[in-house]
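The first residue in the sequence is number 1, and the count goes up from there. In each ligand, atom 1 is the first atom listed, and ligand 1 is the first ligand listed.
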Amino acid sequence: MNKRIGILTAGGDSPGLNAAIRGVGKAAGGIYGMHIVGFRDGFRGLVDNRTVDLDRNALSGVLTIGGTILGTSRDKPHKMKIGGRVQDMTDVIVENYHANHLDALVCLGGGGTQKNALELMKKGLNILTLPKTIDNDVALTDTTFGFDTALGIATEAIDRLHSTAHSHHRIIVVEIMGHRAGWLALGSGIAGGADVILLPEIPYSLEAVAEAITGRVKSGKNFSIVAVSEGAMDVEQAAEIERLTQAMAAAEKAGDKKARKQAKSRLKALEAGQGDHTLQLAHKLEALTGLESRPTILGHVQRGGTPSAVDRLLATRLGAACASLINDGVSGVMVAARGERAEPVPLEKVAGNKKVVPPDHPWVNTARRMGVCLGESL
Ligand code: F6P
C-alpha cells in the first residue's frame with residue numbers, strides 16, 4: 001500500500017520552508033505515490049488535528065513564496081498551553097499520528113523543533129526532520145535553509161546604512177538576528193564591510209569598540225558601522241551569566257531548590273534586560289566617542305519575503321532526499337546538508353546541540369584580517 005506522510009513547520013518561519021514542503025511533497029507524491037497530509041501551525045495543528053491535503057495542486061506555485069503555507073507556532077508538544085493551562089500533549093499527538101494512518105512525520109524546524117521531534121521519536125513515531133532557520137545554528141549540517149536569504153537582506157541593509165552613516169558622520173549600530181549564534185551578524189558584517197562586529201560567542205569590551213571607532217576618526221573616517229548580534233554581550237555581562245549558570249548547576253547538584261530558583265530568575269532578568277541592548281550600546285558609544293550614534297533594528301524583515309535561489313535549491317534537494325529516505329524506510333534522522341550531498345544524521349546527535357561560531361572559525365579570522373574590530377579586550 002502507498003505510504004501516508006505528515007508534514008509540519010515549527011518554530012520561527014524562514015524563507016525556503018515552502019520550497020522544502022514542495023520538495024518533500026512532489027518527490028513523495030510524484031515518484032513514490034505517497035499521500036501527503038500537512039498539519040497547520042506546527043505541533044499545535046497536530047494536537048488539534050487540523051490538516052490540509054498537500055496534493056499536486058496545493059504544492060503548485062509555492063516555490064517562490066516566503067513564510068510557510070502551513071503556518072507555524074513555537075508550541076512544544078510536552079508543554080502546550082491549552083485552555084490557559086500548560087499540558088503535556090504528546091499522547092494526543094501519538095493518537096492523531098495513528099488516526100491519520102501516517103507512516104512517517106516530517107518536521108521542518110530549527111534547534112527547538114529538533115528537540116521536540118526527538119521526544120516524539122522516543123514515543124515510537126517515525127520522525128524525520130529538515131534543518132531550517134535564518135540563524136544557521138543547527139548542529140551537524142553545513143547550513144540551514146533561510147540563512148542565505150537573511151544574509152542577503154542583512155547585507156543589503158548594511159550597504160544602505162553605509163551611505164547615511166557616511167553622510168551624517170555617524171555611528172550606526174545595526175542589530176541583526178541571532179540570540180545565541182552570531183553567524184548572520186558575522187556573515188553580513190563581513191559581506192557589508194562593517195567596521196565592528198559583535199557576536200554572542202565573543203564577549204566584547206566597550207572600551208575596545210570605542211577605541212576602534214575613534215581610531216577610524218583619527219585616520220579620517222568619521223563614521224562607523226557596528227553590526228551587532230541580538231545576543232551579543234559585554235565581558236561583564238558574560239561573566240555574570242557564566243557565574244549564574246554555574247550557581248544554578250551547583251544548586252541543582254546539591255538539591256538546593258531555593259538557590260536554583262534565585263539564580264534562574266536572576267538569569268531571566270538579565271536576558272530580559274538584553275531587549276534594549278542595541279539602544280544602550282548606541283548611547284554608550286555616542287558618549288565615549290563624541291560621534292552622533294543611531295540604532296537600527298532589522299528585526300523580522302530578515303525573515304520575510306522571497307527565498308534566495310540558494311535557499312530554494314537547498315530546501316528542494318533536502319526535501320526531495322527526505323522523500324527518498326522515507327521510501328527506504330529510514331526514520332529518526334535529520335536530513336543534513338553535507339557538501340553537495342543530503343545525508344541522514346541521527347536525531348539524538350542533533351537535538352540539544354547548537355552550532356555556534358567557533359572563535360577561530362575562518363570567517364572570524366577573515367574579519368580579523370580585514371581589520372574589523374570584534375570587541376576583543378585591548
Ligand atoms: O530562531 C530564529 C529567530 O529569527 C532568531 O534569530 C530570533 O532571535 C527569533 O527567531 C525571534 O523569534 P520570534 O519571531 O518568536 O520573535
> Heavy atoms, side chains only, cut-off 4.5 Å: are C322 and L130 in contact?
Replying inline: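 In short, these two side chains touch, coming nearer than 4.5 Å.
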
> Going by the angle between their ring planes, with limits at 30° and 60°, are W363 and F147 parallel, tilted or perpendicular?
Replying inline: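 The arrangement is parallel - the two ring planes meet at less than 30°.
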
>> Once salt bridge (Lys or Arg N to Asp or Glu O under 4.0 Å) is applied, do any residues pair with K264, and if so which ones, sequence neighbours excluded?
In response: none

> Which pairs count as salt bridge (charged side-chain N to carboxylate O under 4.0 Å, His left out) when at least one residue sits in residues 322-332, sequence neighbours excluded?
Replying inline: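 Those involving residues 322-332 do not exist here.
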
Dump all N/O pairs between ligand 1 and the protein below 3.5 Å as a table: atom names plus distance, one pair per row.
unit_1: ligand 1; atom_1: 1 (O); unit_2: D135; atom_2: OD2; d: 3.3
unit_1: ligand 1; atom_1: 4 (O); unit_2: R303; atom_2: NH1; d: 2.8
unit_1: ligand 1; atom_1: 6 (O); unit_2: D135; atom_2: OD1; d: 2.6
unit_1: ligand 1; atom_1: 6 (O); unit_2: D135; atom_2: OD2; d: 3.1
unit_1: ligand 1; atom_1: 6 (O); unit_2: G178; atom_2: N; d: 3.4
unit_1: ligand 1; atom_1: 8 (O); unit_2: H179; atom_2: ND1; d: 2.9
unit_1: ligand 1; atom_1: 8 (O); unit_2: E230; atom_2: OE1; d: 2.7
unit_1: ligand 1; atom_1: 8 (O); unit_2: E230; atom_2: OE2; d: 3.3
unit_1: ligand 1; atom_1: 10 (O); unit_2: R74; atom_2: NH2; d: 3.0
unit_1: ligand 1; atom_1: 10 (O); unit_2: R303; atom_2: NH1; d: 3.0
unit_1: ligand 1; atom_1: 12 (O); unit_2: R74; atom_2: NH2; d: 2.9
unit_1: ligand 1; atom_1: 14 (O); unit_2: H300; atom_2: NE2; d: 2.9
unit_1: ligand 1; atom_1: 14 (O); unit_2: R303; atom_2: NH1; d: 3.0
unit_1: ligand 1; atom_1: 14 (O); unit_2: R303; atom_2: NH2; d: 2.8
unit_1: ligand 1; atom_1: 15 (O); unit_2: R74; atom_2: NE; d: 2.8
unit_1: ligand 1; atom_1: 15 (O); unit_2: R74; atom_2: NH2; d: 3.3
unit_1: ligand 1; atom_1: 16 (O); unit_2: H300; atom_2: NE2; d: 3.3

Can you give the donor-acceptor pairs under 3.5 Å from side chains of residues 92-99 to other protein atoms, not counting sequence neighbours?
unit_1: N96; atom_1: ND2; unit_2: L46; atom_2: O; d: 2.7
unit_1: N96; atom_1: ND2; unit_2: V47; atom_2: O; d: 3.0
unit_1: Y97; atom_1: OH; unit_2: D103; atom_2: O; d: 3.2
unit_1: Y97; atom_1: OH; unit_2: A104; atom_2: N; d: 3.4
unit_1: Y97; atom_1: OH; unit_2: N126; atom_2: N; d: 3.3

> Going by atom types only, do S324 and Y32 share a side-chain donor-acceptor pair under 3.5 Å?
Replying inline: yes

